[in-house]
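Reviewing the structure listed below.
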Amino acid sequence: MREPGFWWRPRPSLAARLLAPVGAAYGGLVLRRMARPGEAAAVPVICVGNASLGGAGKTPTALALAALLRDLGRRPAFLSRGYGGRLAGPVRVAPGRHDAASVGDEPLLLARAAPAVVARDRVAGAALCVAEGADVIVMDDGLQNPGLRKDWRLAVFDGAVGAGNGLAFPAGPLRAPLAAQWAHVDAVLVIGEGAPGDAVADAARERGLPVLRGRLRPDPAAAASLAGRPVLAFAGIGRPDKFFATLRALGAEVRDTRRFPDHHAYAAAEVATLVQAAARGGLALVTTEKDRVRLPADMPVAVLPVTLAVAEAAALRGRLAALCGIA
């Protein structure tokens, strides 16, 4: 799905106001689901979720948490619904055997760092994580999913857009009114700068929630290889323009851009069109890591990996240690 631009305007547009009654009904259903207690897992469950639809940086956040947990001597496993994949699970992701069409794009990235399980039934997925040796579960998305009880719930926001126009889908980007979702959140992470993110951070602090600030850091070697290079950039993520802006900031000459919906399954004809357009213009193709796993392995395309840097890393490490019972 491609997000409408009016979602991210500070004040609701006419279209948003007309859709607001539908959004109120949708948000009410989500809140009723969130109120259900959920079933406890055998190990701590850390949920990295969104209050809104669209990408905010959940996957880099999950990877960063897993790295901290490994540093603490834990054995984390990732649990994902596997959005966009056909397998219901529970199944452990095997990058050499599974592809994005079977398990989704994000689990393939997660599985490079730690065991990753895809399961639409999160309780069954948590049991498989434990069976695979995990002593802590990092749940990628699922803040609104009621099946599994979460021991710590981290809501991730993009600082550039925050909570958008403040309305629930389809009138806005929120899955439910933010004021009501705060009761189901234990901490907030705002990635990147911007007044919308600052407003979310202020609202969280007013409710006594800890606020972390982070930034996505491009891989230095990949960034250096793209600096000064004429490129055709394309992305099928929540906010492609954010990726294009990152490329420009590191010095790439972005001559052409192509936007696709989040989790887009690239057809052969689309791949051929991209390759031909780049060849005609003498441009290098470049995309995100998440897009790369949805593309043919032999497609000539550069990738810009990113990692999350959290300003309050010591405090985050301490919170994770407490969750895992480490003194």
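Both backbone and side-chain heavy atoms feed into the values below; hydrogens, waters and symmetry mates do not.
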Quiz item: When you check the gap from the basic side-chain N to the acidic O, do Arg259 and Asp241 get nearer than 4.0 Å?
Solution: yes
Quiz item: Using 30° and 60° as the class limits, which term best fits the ring planes of His263 and Tyr83: parallel, tilted or perpendicular?
Solution: tilted
Practice problem: Output all residues satisfying side-chain hydrogen bond (donor to acceptor under 3.5 Å, both in side chains) with Asp121, sequence neighbours left out; order by chain, then residue number. | Solution: none
Quiz prompt | Considering all heavy atoms, the nearest Pro170-Val22 contact | solution = CD-CG1, 3.7 Å
Exercise. Determine, for Arg175 against Asp141, whether the closest basic-nitrogen to carboxylate-oxygen distance falls under 4.0 angstrom.
Key: yes
Practice problem: Return yes if a side-chain donor-acceptor contact under 3.5 Å exists between Asp291 and Tyr266, otherwise no. | Solution: yes
Quiz item: More than 12 non-hydrogen atoms from neighbouring residues, nucleotides or ligands closer than 6.0 Å to CD on Glu193, yes or no?
Solution: no
Quiz item: Atom CG in Leu29, atom CZ in Arg33: separation rounded to 0.5 Å?
Solution: 9.5 Å
Practice problem: Indicate, with yes or no, if Phe243 and Leu216 share a hydrophobic cluster defined by side-chain heavy-atom contacts under 4.5 Å among Ile, Leu, Val, Met, Phe, Trp and Tyr. | Solution: no
Practice problem: Heavy atoms only: give me the nearest Ile46-Leu320 pair and the separation to one decimal. | Solution: CD1-CD2, 3.6 Å
Practice problem: Using a 4.5 Å cut-off on heavy atoms from C-beta on, say whether the side chain of Leu283 contacts that of Asp256. | Solution: yes
Self-check item: Residue of the set Thr59, Val93, Leu110 for which side chain to side chain contact (heavy atoms under 4.5 Å, CB included) holds with Phe78
Solution: Leu110
Quiz item: Of all heavy-atom pairs between Arg205 and Val211, which one has the smallest distance, and what is that distance?
Solution: CG-CG2, 3.6 Å
Quiz item: Would you say Gln144's side chain and Asn50's backbone share a donor-acceptor pair under 3.5 angstrom?
Solution: yes
Quiz item: Are any of the side-chain heavy atoms of Leu274 and Gln276 separated by less than 4.5 Å?
Solution: no
Quiz item: Quick one: does Leu19's side chain get under 4.5 Å of Phe6's, heavy atoms only?
Solution: yes
Quiz item: Roughly how far, to the nearest 0.5 Å, is CG of Leu143 from NZ of Lys58?
Solution: 10.0 Å
Practice problem: Might you point out which heavy atoms bring Asp186 and Pro210 nearest each other, and give the distance in Å? | Solution: O-CD, 3.2 Å
Quiz item: What's the shortest heavy-atom distance between Ala119 and Gly125, and which atoms?
Solution: CB-CA, 3.5 Å
Exercise. Apply the test side chain to side chain contact (heavy atoms under 4.5 Å, CB included) to residues Leu189 and Leu316: give CA-CA distance (whole Å), side-chain angles for both, the deciding distance (0.1 Å), then the verdict.
Key: CA-CA 10 Å; Leu189 169 65; Leu316 177 57; over 6 Å; no
Quiz item: Taking the side chain as C-beta and beyond, is there a heavy-atom pair between Val118 and Arg81 under 4.5 Å?
Solution: no
Self-check item: Heavy-atom closest contact (Pro177 atom, Gly27 atom, distance)
Solution: CD-CA, 4.2 Å
Exercise. Determine, using the 4.5 Å side-chain heavy-atom cutoff (strictly less than), whether Val45 and Met34 are members of one ILVMFWY cluster.
Key: no
Quiz item: Okay, side chain of Glu270, backbone of Ala267: is any donor-acceptor separation there less than 3.5 Å?
Solution: yes
Exercise. Indicate yes or no for a side-chain donor-acceptor contact from Arg207 to the backbone of Ala203 under 3.5 Å, with no hydrogens or angles considered.
Key: yes
Practice problem: Tell me whether Leu79 is reachable from Leu87 by hopping between hydrophobic residues (I, L, V, M, F, W, Y) whose side-chain heavy atoms are closer than 4.5 Å. | Solution: no
Self-check item: Ionic contact status for Arg239 with Asp158, cut-off 4.0 Å
Solution: yes
Practice problem: Could you state whether Val138 and Val306 fall into the same hydrophobic cluster, counting links through intermediate Ile, Leu, Val, Met, Phe, Trp or Tyr residues with side-chain heavy atoms under 4.5 angstrom apart? | Solution: yes
Quiz item: Roughly how far, to the nearest 0.5 Å, is the CG atom of Leu212 from the OG1 atom of Thr61?
Solution: 9.5 Å
Self-check item: Flag, side chain of Lys150 to backbone of Gly142, donor-acceptor distance under 3.5 Å
Solution: yes
Exercise. Not counting sequence neighbours, which residues clear salt bridge (Lys or Arg N to Asp or Glu O under 4.0 Å) with Arg112? List them please.
Key: Glu289
Practice problem: Answer whether the closest heavy-atom distance between the side chains of Phe234 and Val301 falls below 4.5 Å. | Solution: yes
Self-check item: Donor-acceptor contact present, side-chain Arg292 to main-chain Pro296, <3.5 Å
Solution: yes
Quiz prompt | Hydrophobic cluster membership, Val48 vs Leu148, 4.5 Å side-chain cutoff | solution = no
Quiz item: Stepwise, does the side chain to side chain contact (heavy atoms under 4.5 Å, CB included) test hold for Asp140 with Glu106?
Solution: CA-CA 9 Å; Asp140 185 18; Glu106 290 155 346; 4.0 Å; yes
Quiz item: Just how far is it from atom CG of Leu53 to atom CG of Leu174, taken to the nearest 0.5 Å?
Solution: 8.5 Å
Quiz item: Does the pair Asp262 and Lys290 meet the rule for a side chain to side chain contact (heavy atoms under 4.5 Å, CB included), with working shown?
Solution: CA-CA 10 Å; Asp262 198 10; Lys290 197 169 90 164; 3.0 Å; yes
Exercise. Determine whether Leu304 and Leu226 make a side-chain contact, defined as any pair of heavy atoms from C-beta on separated by less than 4.5 Å.
Key: yes
Quiz prompt | Residues Asp135, Arg75: salt bridge by 4.0 Å N-O rule | solution = yes
Quiz item: Is there a donor-acceptor pair under 3.5 Å between the side chain of Trp8 and the backbone N or O of Ala160?
Solution: no
Quiz prompt | pair Pro173-Asn165: side-chain heavy atoms closer than 4.5 Å | solution = yes
Practice problem: Salt-bridge test for Glu39 and Arg149: reply yes if a basic N is under 4.0 Å from a carboxylate O, no otherwise. | Solution: no
Quiz item: Any donor and acceptor pair, going by atom type alone, linking the side chain of His264 with main-chain N or O of Phe260 inside 3.5 Å?
Solution: no
Quiz item: Would a distance-only check, ignoring hydrogens and angles, find a side-chain to backbone donor-acceptor pair under 3.5 Å from Arg70 to Ala113?
Solution: yes
Quiz item: Side chains of Thr307 and Pro60: does their closest heavy-atom pair fall under 4.5 Å?
Solution: no
Quiz item: How far apart are the C-alpha atoms of Arg317 and Leu72, what are their side-chain angles, what is the distance that settles it, and do they pass the side chain to side chain contact (heavy atoms under 4.5 Å, CB included) test?
Solution: CA-CA 8 Å; Arg317 181 186 175 93; Leu72 290 167; 3.8 Å; yes
Self-check item: Pairing residues for Arg74 by the side-chain hydrogen bond (donor to acceptor under 3.5 Å, both in side chains) criterion, not counting sequence neighbours
Solution: none
Practice problem: Step through the shown structure and confirm whether more than 12 heavy atoms of other residues, nucleotides or ligands are within 6.0 Å of CZ on Arg215. | Solution: no
Quiz prompt | Spacing of CG belonging to Asp105 relative to CZ belonging to Arg294, to within rounding of 0.5 Å | solution = 4.5 Å
Exercise. Report the distance from atom OG of Ser52 to atom CZ of Phe157, rounding to the nearest 0.5 Å.
Key: 6.5 Å
Quiz item: Is a side-chain N or O of Ser102 found less than 3.5 angstrom from the main chain of His98, in a donor-acceptor match?
Solution: no
Quiz item: Any sub-3.5 Å donor-acceptor pair from Arg92's side-chain atoms to Val117's backbone N or O?
Solution: no
